[in-house]
Amino acid sequence: MGAGNIEFASFLHSQRIPEGYMRTEPFGTGRYLADHFQFCLQDRGQVISRNTAKKFIEQRCFVTMDPSTQETSAEKYLLPDGQTIRFGDVLWRVPEVIFDPPLAGWEMPGYDEHVYMVIKHQLEKWPEVQKAVGENVILSGGSSLLPGLPERFEKEIRSHFADHPTLSSLKLNVIAEANRKYGSWLGGSMLTDVSTSPFPDHIFCSKQDYDEYGPSRLAGEKFPFPPAWTAGT
């Protein structure tokens, strides 16, 4: 769950399963939430920048366990320009689009249902994989840091599993590591470990290469990727 895209990927024994992959529309990403936060306040006659909206999302927004009973916040915030922001229900209603996209005009399932669909439909031919993935749902990326999101994810996915004859017996476990904001970078660093990586060295850029050749190294000008590794394959 990053700033610009959200993906669902299934792995078993360190190998990604193509049938267990899904990429969604960009609602719920960091940038989208910031834009939606701006829109919600603008609809109330309050104008803020995207950067300010981003800070409010990171520092004040949260995911409610039950939107039907969540109370409206009376919290206010004084901006440097003298404008007073009255949050009301924006602090929890903006992140709610992750689970209820129609709130923002998106006619599509929430992310919890996407996870359920990946596990139920795309992995149904491999029961052992279905079980392993269902019992190890890992959240990653900056947008996953919203307080209450892991607990709400588990609650919603569990409710989807409850009506399924096979999945209802799975021991669902939503894993949200403290350093999940940097999950992609940590995974990349593991792949580039030359002592254990299964990939050829020439697809990586070392610090020494970058210091010697600069950004051209990343563009493949000094070390062009072979056809099998070019973008889009």
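One-based numbering along the sequence shown. Quantities reported herein were computed from a predicted structural model and do not represent experimental measurements.
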hydrophobic_cluster_shared for [Y] and [X], side chain cutoff 4.5 Å:
X	Y	answer
I85	L33	yes
Y32	L145	no
L103	W92	yes

Distance under 6.0 Å and angle within 45° of ring axis: R152 vs F99: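 Yes - R152 lies over the ring of F99, closer than 6.0 Å to its centre and within 45° of its axis.
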
Is any side-chain heavy atom of [X] closer than 4.5 Å to a side-chain heavy atom of [Y]?
X	Y	result
N173	V137	no
I57	L146	yes
L41	V47	no
D89	Q70	no
R86	R44	no
F37	T52	no

Working for side-chain contact (heavy atoms from CB on, under 4.5 Å), residues L79 and T84: CA-CA 6 Å; L79 294 176; T84 299; over 6 Å; no

Parallel, tilted or perpendicular: rings of F87 and Y77 (30°, 60°):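 Ring orientation, 0 to 90° scale: tilted.
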
Under the side chain to side chain contact (heavy atoms under 4.5 Å, CB included) test, residues paired with N179 that sit two or more places apart: E177, L186

Chi angles and distances behind the salt bridge (Lys or Arg N to Asp or Glu O under 4.0 Å) call for R60, E75: CA-CA 10 Å; R60 283 179 161 74; E75 184 180 355; 2.6 Å; yes

Any side-chain donor near an acceptor of the partner, S49 and N51, under 3.5 Å: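 There is no such pair between these side chains.
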
No-hydrogen, no-angle side-chain donor-acceptor test under 3.5 Å, R180 and S140: no

Neighbour count >12 (heavy atoms, 6.0 Å) for atom NZ, K131: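 No, NZ of K131 has 12 or fewer neighbouring heavy atoms, counting only those of other groups under 6.0 Å.
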
Intermediate values then yes/no, side-chain contact (heavy atoms from CB on, under 4.5 Å), L172 and F161: CA-CA 9 Å; L172 175 66; F161 281 6; 4.0 Å; yes

Considering all heavy atoms, the nearest P109-H114 contact: O-CE1, 3.2 Å

